[in-house]
Amino acid sequence: GDDLLMDRTITLQEALCGFRFHFKHMDGRDVVVQSQEGDVVAPDSLRVISGEGMPFRRDPQSRGRLIIHFTVQFPQPHQVTDKV
């Protein structure tokens, strides 16, 4: 329909401490997305931003939703070697 879906990978630090990113919308606008203070992003979670989706067919001034699917990238554990 009128919704747009975006996949976004963030670091564990960003998921716990906050994030801010921008992207170029399909209509050329620069859109800023940021988390609220104290807001933790869980892996595989969704965030919805109303009014940033596709324009409605019968009302081009109104827009659908932007749905952002977050993947949280966890740090890789240090490899243990048996070299002494």
Visitor: Flag the pair E14 / R8 as yes when at least one side-chain heavy-atom distance between them is below 4.5 Å, and no otherwise.
Guide: no
Visitor: If you draw a 6.0 Å radius around CD in Q73, do more than 12 non-hydrogen atoms from other residues or ligands fall strictly inside?
Guide: no
Visitor: Tell me the closest heavy-atom pair linking K24 and D30, and the distance in Å.
Guide: N-OD1, 4.3 Å
Visitor: Please give me the minimum heavy-atom distance between G18 and S35, naming the atom from each residue.
Guide: CA-OG, 3.1 Å
Visitor: Quick one: pull up CG in L46 and CZ in R65 and give me the separation to the nearest 0.5 Å.
Guide: 10.0 Å
Visitor: Who passes side chain to side chain donor-acceptor pair (under 3.5 Å) against Q13, sequence neighbours left out?
Guide: none
Visitor: Whether the side chain of H69 engages the backbone of L5 through a donor-acceptor N/O pair (distance < 3.5 Å, no angle test) should be reported.
Guide: no
Visitor: To the nearest 0.5 Å, how far apart are CG in D39 and SG in C17?
Guide: 12.0 Å
Visitor: Side-chain heavy atoms under 4.5 Å apart, restricted to Ile/Leu/Val/Met/Phe/Trp/Tyr: what other residues fall into the cluster of F19, or is it alone?
Guide: L4, M6, I10, L12, L16, F21, F23, M26, V31, V33, V40, V41, I49, M54, L66, I68, F70, V72, F74
Visitor: Please confirm whether the backbone N or O of G64 pairs with a side-chain atom of D3, one donor and one acceptor, at under 3.5 Å?
Guide: no
Visitor: With R57, which residues qualify under side chain to side chain donor-acceptor pair (under 3.5 Å), at least two apart?
Guide: none
Visitor: Calculate, to the nearest 0.5 Å, the distance between atoms CZ and CD belonging to R29 and E52 respectively.
Guide: 4.5 Å
Visitor: Taking atom CD of Q34 and atom CD of Q36, what is their separation to the nearest 0.5 Å?
Guide: 6.5 Å
